[in-house]
Protein chains: 2
Amino acid sequence: MAYLEPIGSVRRMSTRRTNPDFLNGVPELVVLELLSRRAMYGYEIVQAIQEQSGGVLGFGEGCVYPLLHKLEERGQLASQRVAFGGRSRVVYRVTTPGKSRLAETATEWRRIAASIQGILQGGDHALVPVHERKAG
Amino acid sequence: MAYLEPIGSVRRMSTRRTNPDFLNGVPELVVLELLSRRAMYGYEIVQAIQEQSGGVLGFGEGCVYPLLHKLEERGQLASQRVAFGGRSRVVYRVTTPGKSRLAETATEWRRIAASIQGILQGGDHALVPVHERKAG
DNA sequence: ACCAATACCTATCGGTTTGATGTATTTGGG
DNA sequence: CCCAAATACATCAAACCGATAGGTATTGGT
């Protein structure tokens, strides 16, 4: 059906983001956090993450959209289709369970980040050999 | 409790760790950091991660051993089999390329962690990146 | 008409971590 | 002495996640 032209291959700006690892679970946390401030639509979130992170984070649409769907399935987000200039956007907001989830994951993140930070700054002090024999 | 257990099925304490996500790439960073202080063997590293993180991190052997092999393949670690009381341990140390790698990933981690921290504390006042500082 | 940006979506690939299991040796308790 | 637990190495399947590349449609600028 397609014409012989690469009509589908819309050589676009590329949604690539080249994130540097360390990111498991972070998209969820960030999306919940951003949406907890105000309702947003998917495309907007993708850009907001880039901007608010100063370009450090850049989760593509292929990461964000499936995540939004998943969070909605879980009942942590709710969506609403909103007409906007003859066009429609799917606007998401955080539900009450979603707020709980955000609180949990944010706390968890701080714990873990602090722990890693501690190890990275551990330097030569706090150098305890692992010869602690189980005393019990 | 049948005593006729197959000899191989050693019902052990289970190496499960139940880490809470947020961890992609972190094992590598932590292993390089710990080894940069002093040479260690695998089993020791697994325990050191738990202890030095105050129990927050707990990467199992199934995570650490393959990681050690991978890092060695990359030339970022070097290993040496060391006899120890009729037993042998594989002791790892960080190579020069490994130290570079550690420096890179540690810097990267700080960038990302700071960014996420910023978003989590962002509230409504938009934080503007302050990387305009430049010597010269 | 064309192209870029906007706006939604899905599918697939690859890497990582989890959790289980295998194997062998040493140590400690009864 | 025997057994269980701890030590110490290793590998593997499944699951999960994010990166990347597609796919479709609308709008606005030139």
Side-chain angles (χ1 to χ4, degrees), chain A residues 1-2 5-31 40-47 49 57-72 79 81-92 130-134 136, chain B residues 1 3 5-31 40-47 49 57-72 79 81-92:
Chain A
M1 311 273 209
E5 287 305 297
I7 292 196
S9 63
V10 192
R11 202 163 280 83
R12 77 184 81 189
M13 196 65 67
S14 115
T15 52
R16 186 180 53 192
R17 291 292 180 275
T18 56
N19 273 312
D21 256 317
F22 301 126
L23 296 171
N24 224 312
V26 171
E28 182 185 311
L29 174 61
V30 170
V31 163
M40 297 172 94
Y41 55 97
Y43 194 83
E44 189 183 10
I45 295 171
V46 171
Q47 296 176 309
I49 292 174
L57 302 178
F59 303 107
E61 299 167 38
C63 173
V64 170
Y65 283 117
L67 178 54
L68 291 172
H69 303 330
K70 191 180 70 175
L71 293 177
E72 187 175 19
S79 72
R81 235 178 160 98
V82 175
F84 185 82
R87 188 176 200 138
S88 79
R89 291 168 174 170
V90 183
V91 176
Y92 292 86
V130 199
H131 294 157
E132 292 296 327
R133 292 194 31 151
K134 198 175 160 192
Chain B
M1 318 307 184
Y3 287 124
E5 290 296 322
I7 297 200
S9 69
V10 189
R11 198 170 276 76
R12 77 183 80 190
M13 195 67 66
S14 115
T15 54
R16 186 181 51 193
R17 290 293 179 275
T18 57
N19 273 310
D21 256 318
F22 300 126
L23 296 170
N24 223 311
V26 171
E28 182 184 312
L29 173 62
V30 170
V31 164
M40 298 171 96
Y41 56 96
Y43 194 82
E44 190 183 11
I45 295 171
V46 171
Q47 297 176 310
I49 291 174
L57 302 179
F59 303 108
E61 300 167 39
C63 172
V64 170
Y65 283 117
L67 178 55
L68 291 172
H69 303 329
K70 191 180 72 176
L71 293 176
E72 187 175 19
S79 72
R81 235 179 159 100
V82 175
F84 185 81
R87 187 178 201 137
S88 79
R89 291 170 174 168
V90 184
V91 175
Y92 292 87

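Just so it is clear: chains get the letters A, B, ... in the order the sequence lines come, proteins before strands, and each one is counted from 1.
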Take the protein atom [atom1] of [X] and the nucleotide atom [atom2] of [N], then report the distance between them rounded to whole Å.
{"X": "B:Glu61", "N": "C:dG22", "atom1": "CD", "atom2": "C1'", "answer": "12 Å"}
{"X": "A:Leu68", "N": "C:dC8", "atom1": "CG", "atom2": "C1'", "answer": "11 Å"}
{"X": "A:Glu44", "N": "C:dC8", "atom1": "CD", "atom2": "P", "answer": "9 Å"}
{"X": "B:Glu28", "N": "C:dG15", "atom1": "CD", "atom2": "C1'", "answer": "12 Å"}
{"X": "A:Ile49", "N": "D:dA19", "atom1": "CD1", "atom2": "C1'", "answer": "14 Å"}
{"X": "A:Phe59", "N": "D:dA19", "atom1": "CZ", "atom2": "P", "answer": "6 Å"}
{"X": "B:Glu72", "N": "D:dC9", "atom1": "CD", "atom2": "P", "answer": "12 Å"}
{"X": "A:Leu71", "N": "D:dC17", "atom1": "CG", "atom2": "C1'", "answer": "13 Å"}

Contact under 4.0 Å: [X] side-chain N or O vs [N] OP1/OP2:
{"X": "A:Tyr43", "N": "C:dC8", "value": "no"}
{"X": "A:Tyr65", "N": "C:dC9", "value": "no"}
{"X": "B:His69", "N": "D:dC9", "value": "no"}
{"X": "B:Lys70", "N": "C:dG15", "value": "no"}

I'd like to check the side-chain hydrogen bond (donor to acceptor under 3.5 Å, both in side chains) partners of A:Tyr41; sequence neighbours left out, ordered by chain and number.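 Expected list: A:Arg89.
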
Residues two or more places apart in sequence or in another chain: which of them pass side-chain hydrogen bond (donor to acceptor under 3.5 Å, both in side chains) with A:Glu72?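 For A:Glu72, the residues satisfying side-chain hydrogen bond (donor to acceptor under 3.5 Å, both in side chains) (neighbours in sequence not counted) are A:Ser79.
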
Nearest-nucleotide 5' precedence on DNA chain D, B:Cys63 against B:Tyr41: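 With B:Cys63 and B:Tyr41 compared, the 5'-side residue is B:Tyr41.
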
How long is the straight-line distance from [atom2] of [Y] back to [atom1] of [X], given to the nearest 0.5 Å?
{"X": "B:Tyr92", "Y": "B:His69", "atom1": "OH", "atom2": "NE2", "result": "5.0 Å"}
{"X": "B:Tyr43", "Y": "B:Tyr65", "atom1": "OH", "atom2": "OH", "result": "8.0 Å"}
{"X": "A:Leu57", "Y": "A:Cys63", "atom1": "CG", "atom2": "SG", "result": "10.5 Å"}

Listed nucleotide nearest any side-chain atom of A:Asn24, set C:dC9, D:dC9, D:dG18: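 Shortest atom-to-atom distance from the side chain points to D:dG18.
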
CA sep, side-chain torsions, deciding dist, call: A:Leu67, A:Lys70, side chain to side chain contact (heavy atoms under 4.5 Å, CB included): CA-CA 5 Å; A:Leu67 178 54; A:Lys70 191 180 70 175; 4.0 Å; yes

Might you list the N or O atoms of the protein lying below 3.5 Å from N or O atoms in nucleotides 27-30 of chain D, with each pair's distance?
unit_1 : atom_1 : unit_2  : atom_2 : d
D:dT27 : OP1    : A:Gly86 : O      : 2.9
D:dT27 : O4'    : A:Arg87 : NH1    : 3.2

Starting at the 5' end of DNA chain C and moving along, which residue's nearest nucleotide shows up first, A:Arg89 or A:Pro66?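 Closer to the 5' end of DNA chain C: A:Arg89.
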
Note, B:Ile45 side chain near B:Leu68 side chain (heavy atom, < 4.5 Å):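 A side-chain contact under 4.5 Å exists here.
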
